[in-house]
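Given the structure is predicted, the values throughout are model-derived calculations rather than measurements. Counting starts at 1 for both ligands and their atoms, following the listed order.
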Amino acid sequence: MIHLDHVTKKYHDFTAVDDLSFDAARGEIIGIIGHNGAGKSTTLKMIAGLIAPTRGSIYIMERDIQKHSVALKRQIGYLPEESPLYENMSARQYLAFFSELYALPRAAAQSRIESLLTSLHLQDPDQLIGEYSKGMKRKVAIARALLHDPALLILDEPNSGLDPLTSFFIIHYLKSLKREQKTILLSAHNLFHVEYVCDRVAIIKGGKLVVFDTMEAIRAGLGKREFQIVFRADETLEYERRDGNYVYRTHEIDAIAAMLEKISAQQWALIDLSVQESALEEIYVKLMSNPD
Ligand code: ATP
């Protein structure tokens with residue numbers, strides 16, 4: 001689905017992305033992680049066809065994005081790191097407006113919009129976007145990126161600045177898109193999210209790819225870790241107690257996902273979600289603290 005062949009991007013003399021090669025198969029979710037300024041957004045923008053590499057080539061569905069950008073853009077949904085919305089429109093109006101821009105057939109667009117509003121839990125879709133919370137705005141931006149039903153979704157920090165439950169909802173939603181065989185490329189700073197949702201992970205340092213491997217291989221190399229959720233509930237529950245809160249611990253990432261869903265459904269308050277000795281975290285810290 002995606003093939004990067006020795007891609008370099010220079011801004012004048014500065015090399016933002018340095019000889020990057022990796023690929024992604026259809027239906028795969030790939031996470032790109034790295035420090036601020038590592039070159040994640042630049043890489044995603046090049047794959048989305050928004051900026052051109054200085055050297056190297058990028059193929060989407062076996063076609064060079066530089067040569068077939070118009071045709072390929074129909075297959076790509078891109079969520080920028082910052083995505084301003086039209087605040088004086090409602091979510092429904094905004095999505096209808098974009099479906100007209102994309103020239104989507106009206107009936108199909110309407111049913112697509114309703115299905116995205118439902119699956120993204122966008123309540124009050126007739127309320128003005130300007131009155132929405134940050135999380136709701138991000139969901140509208142994600143709906144916009146998915147409107148034309150692209151095969152490839154490129155998301156630049158989809159969760160940045162969102163509360164833990166909304167972030168988790170979004171990441172869980174992205175995972176559900178695997179059923180539709182969407183290929184997803186996302187950048188993130190929250191390593192728990194990357195670990196939960198990604199099939200393979202690319203770690204970028206100073207524009208260079210330092211690790212590209214499956215989550216299984218990364219996990220297998222680095223033993224078990226514990227996830228921990230701290231939450232508050234007014235009722236008496238059979239969980240460990242700490243400082244007036246409840247604590248839930250597990251080694252299973254899927255159990256954490258189920259617990260987060262339960263907390264959301266029961267309207268308990270999520271206080272904290274942490275990962276001890278996360279496999280990915282360990283690799284990341286080790287690599288990033290190495291000066292080379
Ligand atoms: P962050 O996590 O902060 O979003 P990032 O990994 O996405 O960072 P990029 O935005 O890709 O990093 O930037 C990589 C490097 O390229 C940075 O040093 C940045 O300052 C530089 N850079 C990005 N865009 C430009 C530009 N248009 N002109 C000059 N330099 C740029």
Which atoms of ligand 1 are found less than 4.0 Å from any heavy atom of E81? 4 (O)

Any N or O of G34 closer than 3.5 Å to N or O of ligand 1: no

Counting non-hydrogen protein atoms only, what is the nearest one to atom 3 (O) of ligand 1? Give residue, atom name and distance. N36 ND2, 2.9 Å

the protein heavy atom lying closest to atom 27 (N) of ligand 1 turns out to be Y11 CE2, 3.5 Å

Residue selection (non-hydrogen contact nearest atom 16 (O) of ligand 1) among S160, A38, A188, A16: A16

What residue and heavy atom of the protein are closest to atom 19 (C) of ligand 1, and at what distance? F14 CE2, 4.7 Å

Euclidean distance, R242 CZ relative to D272 CG, rounded to 0.5 Å: 9.0 Å

Give the residue and atom name of whichever protein heavy atom lies nearest to atom 10 (O) of ligand 1, and the separation in Å to one decimal. S41 CB, 3.6 Å

Looking at F169, I'd like to know if the NZ or CZ of K139 sits under 6.0 Å from its six-membered ring centre while staying within 45 degrees of the ring's axis. yes

On the 0 to 90° scale, with breaks at 30° and 60°, tag the Y102-H148 ring pair as parallel, tilted or perpendicular. tilted

Selection from T42, D156, I204 by shortest heavy-atom distance to atom 13 (O) of ligand 1: T42

Quick look: H12 vs ligand 1, heavy-atom contacts under 4.0 Å, and the answer is neither

Side-chain H-bond candidate by donor/acceptor type, D18 with T15, under 3.5 Å: no

How many angstroms lie between NE2 in H68 and OH in Y59, if you round to the nearest 0.5 Å? 9.5 Å

So, taking the atom named CD1 in I170 and the one named CG in L165, what distance separates them when rounded to the nearest 0.5 Å? 11.5 Å

Any N or O of G37 that comes nearer than 3.5 Å to an N or O of ligand 1? yes

Check each atom of ligand 1 against the heavy atoms of H35 and keep those under 4.0 Å away; list them by number with element. 6 (O)

Identify, by atom number and element, the atoms of ligand 1 in contact range of E157, meaning under 4.0 Å from any of its heavy atoms. 2 (O), 4 (O)

Close approach of K45 to ligand 1, heavy atoms, under 4.0 angstrom: no

Look at atom 2 (O) of ligand 1 and say which protein heavy atom is nearest, naming residue and atom and giving the distance to 0.1 Å. K40 NZ, 2.7 Å

N or O pair under 3.5 Å between T43 and ligand 1: no

To the nearest 0.5 Å, what is the distance between NZ (K45) and CD1 (I154)? 12.5 Å

Please answer whether the main-chain N or O of S115 pairs with a side-chain N or O of S119 as donor and acceptor at a distance below 3.5 Å. yes

Less than 3.5 Å between some nitrogen or oxygen of G39 and one of ligand 1, yes or no? yes

Between D5 and S57, do the side chains contain a donor N or O and an acceptor N or O under 3.5 Å apart? no

Given H172 and Y196, is the side chain to side chain donor-acceptor pair (under 3.5 Å) satisfied, shown in steps? CA-CA 8 Å; H172 194 59; Y196 176 64; 2.8 Å; yes

Under a 3.5 Å cutoff, is there a donor and acceptor pairing between the side chains of Y246 and R232? no

Atom indices of ligand 1, in the order listed, that fall short of 4.0 Å to a heavy atom of H189: 2 (O)

